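What follows is one structure encoded as structure tokens, with my remarks underneath.
Just so it is clear, the structure is predicted and the values come from calculations on it, not from any experiment.
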Amino acid sequence: MVPHVDKSEFAGIRSRLAVGRATLPQPSARKRGRSGKSSCPAMPSIPEPPDLAAAIAVLPGAGRSWTMLMPYGDLLSSNHRLHHMAEYRLKKRLRHEAKLTAQSRGLPRLERAAVYYVLHPRPIKRKRDPGNWAPTAKAYVDGLVDAGLLPDDNSDHLLGPYPEMGPPVATGAARISLVIAEIDASSL
């Protein structure tokens, strides 16, 4: 079950994490049981931001860019076979998270943009296909439209979303970063 966090609480958490002043429990403050092991699981890691400067530079009319690390949670893969209502609830949650993240960052309204989604996988030794997470990226892009970042997600306003592979997370589940690059509409 996903805990409910309202919009103002979510914005506060995101801003404290962005500045590096998040109030996360320290390893020494964790209670230890009889076995001497920590009773709390390890805190999830924040992966390094992706460097897509070379990919963005080749876009015609590329301007400013922003990177948004999306919150932890279940991601939707093309390989998942979910009941249609479970899939709907997951898409709705992903869309809402993207909307809140974009609003808390205060991103400007863009007429055209290119979106890259960067998969930060769990640290296991098998190969990953970042294209399998396209349903998650689609829900995130719909959330960006809901936030008013883009007028629509059709080809007149959006290039992508393009899959990229990022560094793995040290602990926790897989995460996705969205890299949004502004594109000058007059260059096309």
Item checked: Residues that D146 engages under salt bridge (charged side-chain N to carboxylate O under 4.0 Å, His left out), provided they are two or more places apart -> R95

Next item on the list: Could you tell me which non-hydrogen atom of P161 sits nearest to which non-hydrogen atom of Y117, and how far apart they are?
Entry: CB-CD2, 3.7 Å

Item checked: Sequence-distant partners of N132, side chain to side chain contact (heavy atoms under 4.5 Å, CB included), two or more places apart -> S77, S78, N79, D129

Next item on the list: Enumerate the residue pairs fulfilling salt bridge (Lys or Arg N to Asp or Glu O under 4.0 Å) with a member in residues 54-69, sequence neighbours excluded, ordered by first and then second residue.
Entry: R64-E182

Next item on the list: Indicate the atoms forming the closest heavy-atom contact of A102 with L144, along with that distance.
Entry: CB-CD2, 3.8 Å

Note to self: Please report the interatomic distance CG(L94) to CZ(R89), rounded to the nearest 0.5 Å.
What the structure shows: 13.0 Å

Check: Just how far is it from atom CG of L90 to atom CE of M85, taken to the nearest 0.5 Å?
Finding: 12.5 Å

Notebook entry, point to check: Which pair of non-hydrogen atoms, one from A98 and one from G143, has the smallest distance, and what is that distance?
Noted result: CB-CA, 4.0 Å

Next item on the list: Any pair with a residue in residues 122-154 that passes ring pair (Phe, Tyr, Trp, His ring centres under 6.0 Å), sequence neighbours left out, goes on the list, sorted by first then second residue, please.
Entry: none

Next item on the list: Write down the atom of P123, the atom of A170, and the distance for their closest heavy-atom approach.
Entry: CG-O, 3.7 Å

Next item on the list: Identify, with sequence neighbours excluded, every residue that meets side chain to side chain contact (heavy atoms under 4.5 Å, CB included) alongside R126.
Entry: R122, I124, R128

Check: Taking H80 for the side chain and L82 for the main chain, is one N or O donor matched with an acceptor at less than 3.5 Å?
Finding: no

Margin query: Can you list everything that forms a side chain to side chain donor-acceptor pair (under 3.5 Å) with E87? Sequence neighbours excluded, please.
Written below: K91

Next item on the list: Starting at CH2 of W66, measure out to CG of L107 and round the result to the nearest 0.5 Å.
Entry: 6.5 Å

Note to self: Rounded at 0.5 Å granularity, tell me how far NZ in K99 sits from CG in L149.
What the structure shows: 13.0 Å

Next item on the list: Check whether any side-chain heavy atom of I180 lies under 4.5 Å from a side-chain heavy atom of T67, and answer yes or no.
Entry: no

Next item on the list: With sequence neighbours left out, write down each residue that passes side chain to side chain contact (heavy atoms under 4.5 Å, CB included) with E48, or none if nothing qualifies.
Entry: P167

Note to self: According to side chain to side chain contact (heavy atoms under 4.5 Å, CB included), who are the partners of P47, at least two apart in sequence or on a separate chain?
What the structure shows: L69, H120, V169, R175

Notebook entry, point to check: With sequence neighbours excluded, what pairs up with K138 under the salt bridge (charged side-chain N to carboxylate O under 4.0 Å, His left out) test?
Noted result: D142, D153

Checklist line | Minimum heavy-atom distance between L110 and P151, given as atom pair plus value | finding: O-CD, 3.3 Å

Notebook entry, point to check: What distance do L159 atom CG and L59 atom CG have between them, rounded to the nearest 0.5 Å?
Noted result: 6.5 Å

Note to self: Measuring from atom CD of E164 to atom CD1 of I176, what distance do you get when rounded to the nearest 0.5 angstrom?
What the structure shows: 12.5 Å

Margin query: Does any part of the side chain of M70, heavy atoms only, come nearer than 4.5 Å to the side chain of T101, both counted from C-beta?
Written below: yes

Note to self: Under the ring pair (Phe, Tyr, Trp, His ring centres under 6.0 Å) definition, can you give me all pairs with a residue in residues 141-182, not counting sequence neighbours?
What the structure shows: Y116-Y162

Margin query: Could you check whether any side-chain N or O of T136 sits under 3.5 Å from a backbone N or O of L75, counting only pairs where one atom can act as donor and the other as acceptor?
Written below: no

